[in-house]
Each structure stands twice: as structure tokens, then as C-alpha cells.
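After the C-alpha cells below, expect a handful of questions from me.
Just so you know, these numbers use all the heavy atoms, side chains as well, and skip hydrogens, waters and symmetry mates.
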Amino acid sequence: MQQMAGSAKIADNPLFFLGLGIAAGLAMCFSAIAQGKAGAAGSDALGETGKGFSNYIMVVGLCETVALFAMVFGMIQC
């Protein structure tokens with residue numbers, strides 16, 4: 001964090017980091033909403049059929065990957 005705070009980008013354009021934080025936060029928010037819906041649907045389907053557990057976990061993991069990519073992209077830009 002100290003290295004990010006001392007970089008020249010912050011002095012040049014602090015609104016860039018505000019926009020980056022808002023964009024990354026919104027990406028993680030929508031990813032969490034999708035992850036919740038996928039988890040609920042997977043739990044419902046698993047309860048009805050008893051099959052496909054690994055497929056449901058894979059879909060939830062895919063939703064989480066979007067949030068991780070947004071976080072890493074935001075950290076790289078700083």
C-alpha cells in the first residue's frame with residue numbers, strides 16, 4: 001500500500017483510482033450476485049436429483065473467477 005500511495009500516478013490523476021475502485025467493486029458485486037444465484041440453483045438441483053455436485057461447484061467457481069480477475073486487474077493498474 002505504501003508503494004501504491006507513493007507512486008506518481010496518484011498525484012497526476014486521483015480520479016482514475018476512484019473510478020478503478022468503483023469499477024472493480026461493481027464487478028465483484030455483480031459476480032457475488034451471480035455466485036449466490038448459481039449456488040442457490042445448484043443446491044436446489046442437487047436436492048432434487050442428487051447428481052452433478054462437481055458441475056454445480058464448477059459454475060460457482062467460474063463466477064468467483066470473474067471477481068478474482070477484477071481484483072487482480074485493479075491491483076495491477078495501481
Side-chain angles (χ1 to χ4, degrees):
M1 290 301 290
Q2 293 298 329
Q3 183 181 11
M4 289 178 0
S7 70
K9 289 182 185 177
I10 291 177
D12 292 337
N13 194 1
L15 293 178
F16 170 76
F17 290 106
L18 177 64
L20 181 66
I22 290 171
L26 283 174
M28 288 186 253
C29 174
F30 290 128
S31 174
I33 291 169
Q35 186 176 357
K37 288 181 180 181
S43 297
D44 187 37
L46 182 65
E48 288 181 8
T49 63
K51 299 178 183 177
F53 177 74
S54 60
N55 292 336
Y56 307 138
I57 294 296
M58 186 171 52
V59 171
V60 171
L62 184 65
C63 295
E64 180 65 24
T65 302
V66 173
L68 290 173
F69 284 153
M71 181 187 70
V72 169
F73 176 73
M75 291 173 64
I76 288 172
Q77 293 302 315
C78 287

- Should side-chain heavy atoms under 4.5 Å link Ile, Leu, Val, Met, Phe, Trp and Tyr, which residues sit in the same cluster as Ile33?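 Grouped by the 4.5 Å side-chain rule, Leu15, Leu18, Ile22, Leu26, Phe30 form the rest of the cluster around Ile33.
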- Does Ser31 use its side chain to pair, donor to acceptor, with the backbone of Ala27 at less than 3.5 Å?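 It does not hold such a pair.
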- In terms of hydrophobic clusters joined by side-chain contacts under 4.5 Å, are Val66 and Met58 together?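 No, Val66 does not connect to Met58 through the hydrophobic network.
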- Members other than Val59 in its cluster, when Ile, Leu, Val, Met, Phe, Trp, Tyr link by side-chain heavy atoms under 4.5 Å?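 Answer for Val59: none, a lone residue.
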- Between Ala67 and Met28, which heavy-atom pair has the shortest distance, and what is it?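 Closest pair (atom of Ala67, atom of Met28, distance): O-CG, 3.8 Å.
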Just distance, no hydrogens or angles: give the donor-acceptor pairs under 3.5 Å from side chains in residues 44-53, sequence neighbours left out.
| from | atom 1 | to | atom 2 | distance (Å) |
| --- | --- | --- | --- | --- |
| Thr49 | OG1 | Ala45 | O | 2.8 |
| Thr49 | OG1 | Lys51 | N | 3.3 |

- Taking the side chain as every heavy atom from C-beta outward, state whether Val60 and Tyr56 have any pair of such atoms under 4.5 Å apart.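 Val60 vs Tyr56: side chains apart.
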